[in-house]
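Heads up, the thing below is written out as structure tokens.
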Amino acid sequence: MNNMDLIKQMPEMLSGKELYERLADIPAYKEIIREKSQTERLMALSTLYDIYLPSEMSVEIYSKLYLALLRSLQKKGTHAAVQQLYQNHKTIMQRESRGIIGGSDSFSIVGCSGIGKSSAINRAISIITENKMIEFENPPVRIIPCLIVQCPFDASVKSLLLEILRKSDELLESNYYGNALKARATTDVLIGIVAQVALQHLGMLVVDEIQNCVVARNGKYLVAMLTQLINTSGISIGLIGTPETTSLLETAFQLARRSLGLQYNTLSNDEYFSGFCELLYKYQYVQKYTEITPQIIDWLYEHSGGVTSVVVSLIHDAQEIAILTGYETLDIVMLNQAYNQRLQLLHDFIRPNVTTKPTRKKKKTVQAENQTDTYTISALVQKSKNENIDIVPLLQEYFTVEEVKL
Amino acid sequence: MKMYLPEIYPDELIYSWLSRYYVYSGCANHKMLISQLLYSTKNNPSIEFIGHLNKAAEQQITQVYSIDDLILNHTMFPQYARFMSADKREVALEELKCYCDPHKVFTILPRNKKELQLKYCPLCVAEDRNKYGETYWHRTHQIRNMVICPTHKCKLVNSEVDIRSEKIFAFNPAEVAINNVDPILVDDMEQIKFAKYTSDLFNMDIANNNESNIKAAIYNAMTKTKYMKGKHRKIAQFSEDLRLYFKEIEVNSITSIHQIQRVMLGKSNEFTAICQIAYFLNINPAELLESKITEEKVLQEQESHYIKNRAIADWEKFDKENVVRFEEFCKGVYDGFGNDSGRPERISEKMVYKFLGITSYGFKNMPKCMAVYERYAESYEESWARKIVWAYNKLKQENTEIYWTYLRKLSGVKKESYQKAISFLEKYTDKETYTDILKIG
């Protein structure tokens with residue numbers, strides 16, 4: 001077996017329309033569901049979570065992952081890989097640790113929580129790998145194209161290494177995890193063992209929730225371990241996390257160099273977002289069907305902060321409330337209710353966008369005798385009533401006023 | 001648990017293959033791998049053979065490679081079974097497949113001091129690393145008396161890994177154990193030719209069931225040399241010339257005259273000995289193994305042995321003619337009146353063959369004489385007891401004061417043998433004499 005045999009097992013790289021079509025996951029929807037019972041409609045409502053509409057981010061992530069996997073497979077079966085196996089063996093025997101195979105092929109995907117990083121990665125991997133492993137019979141070879149693990153909450157190095165072994169065992173039907181526990185391996189030895197497993201059985205390793213390293217005390221050790229693993233395993237390692245991760249990866253050149261990658265912010269209120277909302281809005285499980293309007297799209301944008309998962313949650317919960325309360329209509333009322341009742345925890349994080357009118361210069365008023373500079377709101381309201389003037393400009397003279405579009 | 005064994009390389013020992021698996025598997029210690037592969041953690045990995053695999057390991061290995069193929073092509077089986085008869089070879093193969101102790105299947109001689117480690121060729125190492133990225137233990141290099149690499153004609157180097165399986169409980173991959181050394185090329189053509197000869201014999205297909213008649217092939221070759229005088233082989237001269245020749249080539253161990261004789265008699269099929277004999281006689285390897293020797297030649301070879309026996313045409317007649325005098329002889333020795341000193345002696349086989357002028361093989365053809373011999377046969381302890389009793393009686397007759405030293409000197413029984421003989425004294429004398437002898441001792 002050599003690396004060319006492995007590469008032949010990979011499907012061809014997709015692009016353009018074909019890629020979009022393959023990445024998209026648009027579940028079937030039948031209008032008749034709206035006539036079904038409340039229970040059936042509530043259960044069918046979860047289909048919203050299955051919808052995946054690829055974006056530019058999805059395409060970029062697909063390309064990144066495909067090329068990373070390709071580079072990993074190109075390194076397998078080479079003389080350098082064989083030599084690295086022996087170096088890792090020395091590490092296990094606690095003699096020394098040295099990287100031969102090299103590991104500049106690592107990347108990071110940084111983006112806010114909920115923008116669809118993990119979904120994009122999962123979709124990309126399912127297309128690249130076609131949900132199967134790379135296998136040969138003689139000699140027996142099995143390679144997991146992509147292994148996704150979560151960074152432990154406490155950024156424990158040993159926990160992560162053992163998790164990699166445990167997940168590998170599930171797919172490889174091996175017992176690396178059990179053997180490592182039995183041997184009471186130290187962290188250094190574990191790194192050697194994981195490097196061996198990765199060299200022979202992994203195409204790519206993706207570590208999600210890497211932002212856990214930022215706050216945890218062991219965070220820097222875990223990142224250092226990943227650096228060592230990159231050098232000794234010859235596989236691409238992807239670090240996925242939220243923007244806090246950037247601060248950690250910027251701390252050292254070697255980390256930054258190995259973490260070149262993709263950074264994503266929340267979506268803009270653009271064509272893609274509109275298309276996304278329109279698609280989601282089509283999946284209505286309330287009895288009365290309503291069409292989406294530009295105002296609703298704007299509202300959704302402002303109340304989700306451009307985060308797709310929040311949009312899905314809003315539309316889902318709005319429908320759920322509508323069905324449960326018998327309102328049976330998906331409109332701004334239900335959406336507002338969903339935002340206020342179900343997404344309270346997000347209120348501090350999502351500040352709906354407002355247009356602030358420039359404050360007028362305060363008029364110089366000649367203060368009358370016995371008049372103070374401060375005005376209470378009640379006084380201003382009274383004044384407005386008395387003088388029949390608009391309260392908002394009046395308030396603006398003394399306070400900063402924010403207008404919220406409905 | 002699934003095992004992801006690497007590809008086995010050509011001419012690689014199974015031990016080497018499993019040692020590489022030790023590296024690839026990420027096992028933290030040897031014991032862990034032993035428990036994964038072998039029947040018991042108390043088993044040690046076999047360097048020359050397959051070892052005792054456990055059921056799970058065997059099942060996984062046989063999914064990819066057949067056990068027959070592994071034993072025939074990746075163990076030292078050809079070295080030990082090459083010159084066995086086809087039947088015995090088949091039995092040996094079956095026994096190894098059942099994980100019998102190889103020492104019970106083959107005659108495995110103790111190793112020469114120069115051959116206690118696994119050997120490697122520096123140029124083969126470089127070639128392996130170039131081709132596979134790693135090196136491994138080659139089977140051909142481990143053949144006994146192989147001192148140079150038949151491919152590269154460079155001296156084989158001893159590693160630090162003991163080749164005796166019973167001494168190790170570890171897996172030593174070649175890539176880890178081998179140090180980088182400069183190759184020493186050999187230009188001695190005889191050395192090179194002998195190494196090639198041995199390697200060819202080792203690597204020839206052993207799976208076929210061709211019966212080879214080594215003795216006849218060697219005899220046939222010998223007839224064309226100065227080492228035959230009529231039908232008789234000049235073994236001593238042959239052995240000496242062979243020794244000088246191979247001393248010149250600087251092999252690790254040279255076949256002794258005893259080993260040569262055993263090979264000639266068909267009692268030994270030891271690979272090294274036969275290789276040296278056959279090479280010295282310029283026997284082509286194919287000729288040695290494929291046996292185009294005619295029946296006539298085989299008979300001639302048989303007839304060249306046991307000339308004494310061949311002088312007796314009719315054994316039955318010979319037996320009948322000699323049984324009476326043979327009995328007289330036995331009685332004389334047993335009772336002592338046939339001996340000069342008059343002391344009773346034990347009848348040994350050597351005495352019998354010498355008296356009758358035959359060999360042990362011939363004696364098997366004489367049932368009557370054999371029956372007589374069995375009547376007089378006794379153990380050493382019994383003969384000592386009889387000697388002691390005779391000596392005591394003689395000293396008593398001579399009215400001499402009987403001391404232990406006189407008794408011992410006359411009987412010829414050593415002090416340490418006396419204790420062993422005591423239990424048999426009663427059998428050959430009365431109680432009073434027995435008691436007296438005990439008092440003296």
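Proteins get letters first, then strands, A, B, ... in listed order; numbering begins at 1 in each.
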Under a 4.5 Å heavy-atom criterion, the part of residues 148-160 of chain A in contact with chain B comprises none
Correct closest heavy-atom pair for Val176(B) and Tyr86(A) would be CG2-CD2, 3.8 Å
In sequence, state the C-alpha distance, the side-chain angles, and the governing distance for Tyr24(B) and His89(A), and then conclude on ring pair (Phe, Tyr, Trp, His ring centres under 6.0 Å).
-> CA-CA 8 Å; Tyr24(B) 288 33; His89(A) 175 70; 9.9 Å; no
Given Pro6(B), Gly26(B), Cys27(B), the one with more heavy-atom pairs under 4.5 angstrom with chain A than any other is Gly26(B)
Of all the heavy-atom pairs spanning Tyr176(A) and Ser25(B), show the shortest one and how long it is.
-> CE2-O, 3.2 Å
Between Glu173(A) and chain B, which part of the residue has a heavy atom less than 4.5 Å away: side chain, backbone, both or neither?
-> both
Locate the shortest heavy-atom distance separating Val64(B) from Glu137(A); write the atom from each residue and the value.
-> CG2-O, 4.1 Å
Any chance NZ of Lys131(B) has more than 12 other-residue heavy atoms, nucleotides or ligands included, within less than 6.0 Å?
-> no
Within 6.0 Å of CD in Glu135(A), more than 12 heavy atoms from elsewhere = yes
Gln59(B) CD: over 12 foreign heavy atoms closer than 6.0 Å | no
Show your working on side-chain contact (heavy atoms from CB on, under 4.5 Å) between Arg142(A) and Tyr4(B) and close with a plain yes or no.
-> CA-CA 8 Å; Arg142(A) 192 182 285 183; Tyr4(B) 294 92; 3.6 Å; yes
Side-chain heavy atoms of Gln196(A) within contact of Val23(B), under 4.5 Å = yes
Would you mind reporting whether Leu85(A) and Arg20(B) have side-chain heavy atoms less than 4.5 Å apart?
-> no
Return the minimal non-hydrogen interatomic distance between Asn130(B) and His79(A), and the atom names on each side.
-> O-CE1, 2.5 Å
Roughly how far, to the nearest 0.5 Å, is the OG atom of Ser174(A) from the NZ atom of Lys2(B)?
-> 10.0 Å
Counting heavy atoms not belonging to Lys196(B), are there more than 12 under 6.0 Å from its NZ?
-> no
Quick one: closest heavy-atom pair of Gly133(B) and Gln83(A), and the distance?
-> O-NE2, 2.6 Å
Answer with side chain, backbone, both or neither: which region of Gln63(B) has an atom nearer than 4.5 Å to a non-hydrogen atom of chain A?
-> neither
Where on Ala183(A) is there a heavy atom nearer than 4.5 Å to chain B: the side chain, the backbone, both, or neither?
-> both
Tell me, for Tyr132(B) versus chain A, whether the close heavy atoms (under 4.5 Å) come from the side chain, the backbone, both or neither.
-> backbone
Can you establish whether the number of heavy atoms outside Lys220(A) located under 6.0 Å from its atom NZ is more than 12?
-> no
pair Leu5(B)-Pro139(A): side-chain heavy atoms closer than 4.5 Å = no
